[in-house]
Asker: 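The following block contains the structure, expressed as C-alpha cells.
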Amino acid sequence: MLNNIQPPVAKIIPHTLEKHNDVRIDNYYWLNDRENQEVIDYLNAENRYYEEMTAHTKDFQKALFEEMKSRIKEDDESVPYLYNNYWYITRYETGQDYPIYSRKKGTLDATEEVIFNCNEMAKDFSYFQLGGVSISPNNKFATFGVDTVSRRIYTIQIKNLETGEILQDKIENCTGGSVWANDNETIFYVTKDPVTLRSDKVFRHKIGTATSEDVLVFEEKDDTYSVFIYKEKSRKYLVIGSQSTMTTEYQILDANTPTADFKVFQKRTRGLEYSISHFGDSFYVLTNKDEATNFKLMKTSENTTEKENWTDVIQHREDVLLEDIEIFKDYLVVEERSNGLTKLRIMPWSGEGEYYLPFDSETYTAYTGTNVDFDTEILRYGYQSLTTPSSVIDFNMKTKEKTIKKEQQVLGGKFDKNNYEEKRLWAMAIDGVKVPISLVYKKGIQLDGENPLLQYAYGSYGHSMDCTFSSTRLSLLDRGFVFAIAHIRGGEDLGRPWYEDGKLLQKKNTFTDFIDCSKFLIDQKYTSPEHLYAEGGSAGGLLMGAVINMNPELYNGVIAQVPFVDVVTTMLDDSIPLTTGEYDEWGNPNEKEYYDYMKSYSPYDNVEPKAYPNMLVTTGLHDSQVQYWEPAKWVAKLRTVKNDSNVLFLDTNMDTGHGGASGRFEALKEIAKEFAFLLDLEGIQK
C-alpha cells in the first residue's frame, strides 16, 4: 500500500441532535445533501483516493474480471415456460450486458417475437432496469416499468406486441409492476410517495386515456405499511396487499369487474400475518393466526373470508417453518424449512401418498420455480448448493420422474464440483444457542489457522441466507480462501423464533452470533485473526459496523456494502424511505427504551479511538434503501478517530443505487474490486 498519498478529510461542521434529553453532536451531518457541490467534491475526492491507493491492483482487477467473465455462458437463455399459449424466454447474447425478453406462439419451433431488447433500451443510460413486465389476457399488450436512475422509481408504459408500437400512456413514479383486469384494457398500478418512496396508492388506468383521469382505488394512509397488487394464479381475482413488518391485510376484486370495489379479505389486526392463494371456490391462507409462530396453512370459502371462517389444513409445528405454497389441480406443494434447510413437500389433494423430494447435501437450497399452470403434474423447481451449480428441474409429481431442464454451465474447463468441500458446522453462541455455519473450500487445504477466510452474513428482516452456488466465488476458493455463511439470528434460517430473537431489543444477538462464529472458526483452525475477513451489505453492513466496534481485533479486513450504519438518526427521520415501516424491525426511537438500545449499538454513534481492520466501504449516490451519506459520514468519522495504519476506502458509484451496477458485466467489475481488495491484503497478486 502507498503511504505518501493522503486521504481526504471531510470538514467538521458540528450539528446538534437532541432526543429524550440526550445530545449527540454530528460533525458530518452536512454530507446529507446531494445537491451540495461540496458533498459531491468530497465523494469524488474519496473515489480518487481509493483509485490511487489501489492503482497497483488495477491489472489484477482486470484479470479477475476476465477470469469471472470467462466462466459465464454469454449466449445464455432461461428455460422456457408456457403461459396462455405462448412460450416465454429470457436470453442473453454474447458481449451484451442486458437481457432480451421474447416469446414463441404455441410451440418452441415457432418464430421468435422479441418483446423487449434491453440492450437497445439501455444504450443511452448509465443505469437501466426493466421491471414488472405484464402481458394482457389476450396476449396483445405488455406493460413494463423502466428505472434509469437506480432509486427504484419506475415509469410504466404499454407496448402493442402486434405492431411494436409504444402507446402514449406514460405513468410516472411507480413501483414498476402492474396487473391487467380480464377486459384487456384496464390496468392497476402502485405509486410511491415522492419523498419517502413508500408505495402508498393503487390506481386504475384505462388504455388510451390520460393518466390525469386515472382512478385512485386505494390509499394506504398508515405510513408503517406499504402496498402492492397482483393477480391470482387462478386469474379470477385481483389482490391488493398492505404490509408492515408484523401485520398484513388483503383486498380482493373479481378481475372481470375492474370498476367495482375491492373487498377486504380479513381486516388488519396487529400481529396477524397472512397471505392468500385462490383455488376452486376457496382461498388457502398461510398465517400465524392462533400463535402459530412458524405459520400454518388454513382454508376458507371465497365468499366468507374473515378469519373466524378459516379452518386448518396443515397445523403449526414448533420445529418446521412453513414458508410458501404452490397450488396445482391435483397437488399442493409446500415449501418448508427445518434445521436450517429448505424442503419441498408434495401433498396430493386425494390425501394419499404425500412425500418429500429427496435432497442429500447439507448445504443446499431448493425452491419452487415458475409454475403458472394449474392443470399439470409437472412441478418446476430449482436446486443448488455451495458446490453444485443451479439447476432448473421439471419433476413429475405422479411418476416422480425428474428432468433437468437446465444446469448452470461453468465455462473455462477447470471447474469440477468434486474438487471442493462443503459442510455444515455449529458454533456455540455466548448464550448457549447453537448457530449454523455453512462452509465451502477447495479440497486439500490444511486446517492450520493460516487459511484466508471470508465470513458472510445478513441477519435481519427474517431473511434466510440460503446456500447458493457462485461461479465468481471460485476466484477466491481457487486461491485458497474458505468461504463461510454464518446463519445468525435475525434471519429465519431456523424458523420464525430465530428471527424474533434477532430484532428490536434482541438485535445484539445478531452481532454476538457473528462474532461467536468468527471465534469458533478461529478455534477450529479454519483461519486466524490475521487472515479472517468479514463482509455484509445493507443491514449486513450494519452488522459489519457493529462487530468491528465490538471486536475489531478478530478481523484483518472488512467489506461493508451500502451499510446501514447511522441507525438512530435515520430511524428518527421519517422523511427517509423505509423509516416508518421499519419500526417493528428496529424499534421506534421516539420511545426512549428503543432510542437507548439503538444508540448502544449504532455503528456511527459508537466509533471510538482504537485500531480498526482494513476496510472497503461501498455505496451508490442514488441509493433509496440506505442513503449514501450514512457510509460517507461513517468513513469521515473513522478517518479522524481510528488510531491504526490500516487502509480505509470509500468507493461511491456516482451513477447507481442500492443494487449496484445494472449490467451483468458491470456488476462483475464491482466484484473484482472487492476480491482484489481481499487478495491484496493476503499478498496474493495473481
Side-chain angles (χ1 to χ4, degrees), residues 57 60-73 361-365 383-391 407-425 436-458 465-487 517-518 520-522 524-528 530-537 540 555-559 561 616 667-686:
T57 70
F60 191 22
Q61 286 181 37
K62 289 176 186 172
L64 285 167
F65 167 75
E66 292 298 339
E67 176 180 297
M68 292 186 286
K69 183 182 174 186
S70 73
R71 298 193 193 105
I72 296 173
K73 189 174 188 298
S361 170
E362 58 179 1
T363 61
Y364 74 89
T365 180
Y383 175 87
Q384 58 185 304
S385 79
L386 290 176
T387 62
T388 307
S390 64
S391 296
E407 183 172 64
Q408 176 189 350
Q409 288 183 259
V410 182
L411 302 183
K414 297 179 182 177
F415 175 72
D416 180 349
K417 63 177 286 186
N418 297 309
N419 292 337
Y420 304 88
E421 187 86 35
E422 59 183 338
K423 60 173 60 174
R424 172 69 58 92
L425 304 174
I437 306 172
S438 298
L439 283 180
V440 62
Y441 51 86
K442 198 157 189 181
K443 285 181 179 174
I445 66 170
Q446 300 297 311
L447 298 182
D448 55 6
E450 295 300 306
N451 302 302
L453 186 150
L454 178 59
Q455 181 180 332
Y456 182 83
Y458 185 70
M465 283 310 307
D466 286 320
C467 298
T468 55
F469 180 81
S470 166
S471 67
T472 58
R473 190 188 299 139
L474 298 174
S475 291
L476 291 181
L477 302 184
D478 289 347
R479 290 174 172 83
F481 263 78
V482 179
F483 179 75
I485 300 172
H487 303 276
C517 287
S518 298
F520 174 81
L521 291 167
I522 292 168
Q524 296 297 305
K525 303 289 187 189
Y526 281 97
T527 191
S528 60
E530 294 78 27
H531 300 287
L532 178 56
Y533 302 90
E535 179 180 19
Y555 309 96
N556 186 42
V558 169
I559 297 174
Q561 304 155 319
L616 170 61
L668 281 184
K669 290 175 184 175
E670 295 186 351
I671 297 172
K673 282 183 176 182
E674 294 178 1
F675 284 6
F677 170 77
L678 297 171
L679 293 163
D680 190 46
L681 290 172
E682 280 294 308
I684 300 171
Q685 295 168 347
K686 64 179 182 180

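Note that these values count all heavy atoms, side chains included, but never hydrogens, waters or copies made by symmetry. Here the structure is a predicted model, which is why all the values come from computation and not from measurement.
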Asker: How long is the span from the CD atom in Gln384 to the OG atom in Ser361, to the nearest 0.5 Å?
Answerer: 11.0 Å
Asker: Determine the minimum heavy-atom distance between Phe677 and Leu616, stating which atoms define it.
Answerer: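 That closest heavy-atom pairing would be CZ-N, 3.6 Å.
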Asker: Using 0.5 Å steps for rounding, measure from the CD atom of Glu421 to the CG atom of Leu477.
Answerer: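 One finds 12.0 Å between CD of Glu421 and CG of Leu477.
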Asker: Does Lys414 have more than 12 heavy atoms from other residues, nucleotides or ligands lying within 6.0 Å of its NZ?
Answerer: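 No, the 6.0 Å shell around NZ holds no more than 12 heavy atoms from other groups.
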Asker: Closest approach of Cys467 and Ser438, non-hydrogen atoms and distance?
Answerer: SG-OG, 3.2 Å
Asker: For Ser518 and Gln455, work out which heavy atoms get closest and say how close.
Answerer: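 Looking at all heavy atoms of both residues, the closest pair is OG-OE1, 2.8 Å.
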Asker: With heavy-atom distances below 4.5 Å as the criterion, would you say the side chains of Leu454 and Leu678 are in contact?
Answerer: yes
Asker: Can you tell me how the ring of Tyr364 sits relative to the ring of Tyr383, calling it parallel under 30°, perpendicular over 60° and tilted otherwise?
Answerer: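 Parallel.
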Asker: Flag the pair Ile522 / Leu532 as yes when at least one side-chain heavy-atom distance between them is below 4.5 Å, and no otherwise.
Answerer: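 Sidechains of Leu532 and Ile522: in contact.
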Asker: Any side-chain heavy atom of Leu386 within less than 4.5 Å of one from Arg473?
Answerer: yes
Asker: Under the rule for salt bridge (Lys or Arg N to Asp or Glu O under 4.0 Å), what residues qualify as partners of Lys423, not counting sequence neighbours?
Answerer: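 By the salt bridge (Lys or Arg N to Asp or Glu O under 4.0 Å) rule, Lys423 matches no residue at all.
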Asker: Where the side chain of His531 meets the backbone of Gly449, is there a donor-acceptor pair that is under 3.5 Å apart?
Answerer: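 Answer holds: no.
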Asker: Hey, can you pull the donor-acceptor pairs under 3.5 Å for the side chains in residues 63-71, sequence neighbours left out?
Answerer:
from: Glu67; atom 1: OE1; to: Arg479; atom 2: NH2; distance (Å): 2.8
from: Glu67; atom 1: OE2; to: Arg71; atom 2: NH2; distance (Å): 3.1
from: Glu67; atom 1: OE2; to: Ser475; atom 2: OG; distance (Å): 2.6
from: Glu67; atom 1: OE2; to: Arg479; atom 2: NH1; distance (Å): 2.9
from: Ser70; atom 1: OG; to: Glu67; atom 2: O; distance (Å): 2.6
from: Arg71; atom 1: NH1; to: Ser471; atom 2: O; distance (Å): 2.8
from: Arg71; atom 1: NH1; to: Ser475; atom 2: OG; distance (Å): 3.1
from: Arg71; atom 1: NH2; to: Ser475; atom 2: OG; distance (Å): 3.0

Asker: Do Tyr441 and Asn451 come close enough that some side-chain heavy atom pair is under 4.5 Å?
Answerer: no
Asker: Check whether any side-chain heavy atom of Leu439 lies under 4.5 Å from a side-chain heavy atom of Leu521, and answer yes or no.
Answerer: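 Of all side-chain heavy-atom pairs linking Leu521 with Leu439, at least one is under 4.5 Å.
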Asker: Between CD1 of Ile485 and CZ of Arg424, what distance do you get to the nearest 0.5 Å?
Answerer: 8.5 Å
Asker: Has the side chain of Gln409 got a donor or acceptor atom that lies under 3.5 Å from a matching backbone atom of Lys73?
Answerer: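 No, because the side chain of Gln409 does not come within donor-acceptor range (under 3.5 Å) of the backbone of Lys73.
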Asker: Any idea which heavy atoms bring Leu411 and Ile72 closest together, and the distance?
Answerer: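 Between these two residues, the closest heavy atoms are CD1-O, 3.6 Å.
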Asker: Would you check if there is a donor-acceptor pair between the side chains of Lys417 and Thr388 at a distance under 3.5 Å?
Answerer: yes
Asker: So do Asp478 and Tyr420 actually touch side chain to side chain, heavy atoms under 4.5 Å?
Answerer: yes
Asker: Kindly say whether the aromatic ring centers of Phe469 and Phe415 come within a distance under 6.0 Å.
Answerer: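 Aromatic pair counts; centres sit under 6.0 Å.
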Asker: Work out which heavy atom in Pro389 is nearest to a heavy atom in Gln408; give both atom names and the distance.
Answerer: CB-O, 3.5 Å
Asker: If you round to the nearest 0.5 Å, how far is CD1 of Ile671 from OG1 of Thr472?
Answerer: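 The OG1 atom of Thr472 sits 4.5 Å away from the CD1 atom of Ile671.
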Asker: What I'd like to find out is whether the side chain of Leu425 reaches to under 4.5 Å of the side chain of Tyr526, using heavy atoms alone.
Answerer: yes
Asker: Has the side chain of Lys443 got a donor or acceptor atom that lies under 3.5 Å from a matching backbone atom of Asn418?
Answerer: yes
Asker: Please give me the minimum heavy-atom distance between Asn556 and Tyr533, naming the atom from each residue.
Answerer: ND2-OH, 2.7 Å
Asker: Tell me whether the count of non-hydrogen atoms from other residues, nucleotides or ligands lying under 6.0 Å of CD in Gln685 goes above 12.
Answerer: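 Check fails, neighbour count at 12 or below.
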Asker: Working to the nearest 0.5 Å, report the span between NZ of Lys669 and CD of Gln61.
Answerer: 11.0 Å
Asker: Working to the nearest 0.5 angstrom, can you tell me the gap between Glu450 CD and Leu453 CG?
Answerer: 13.0 Å
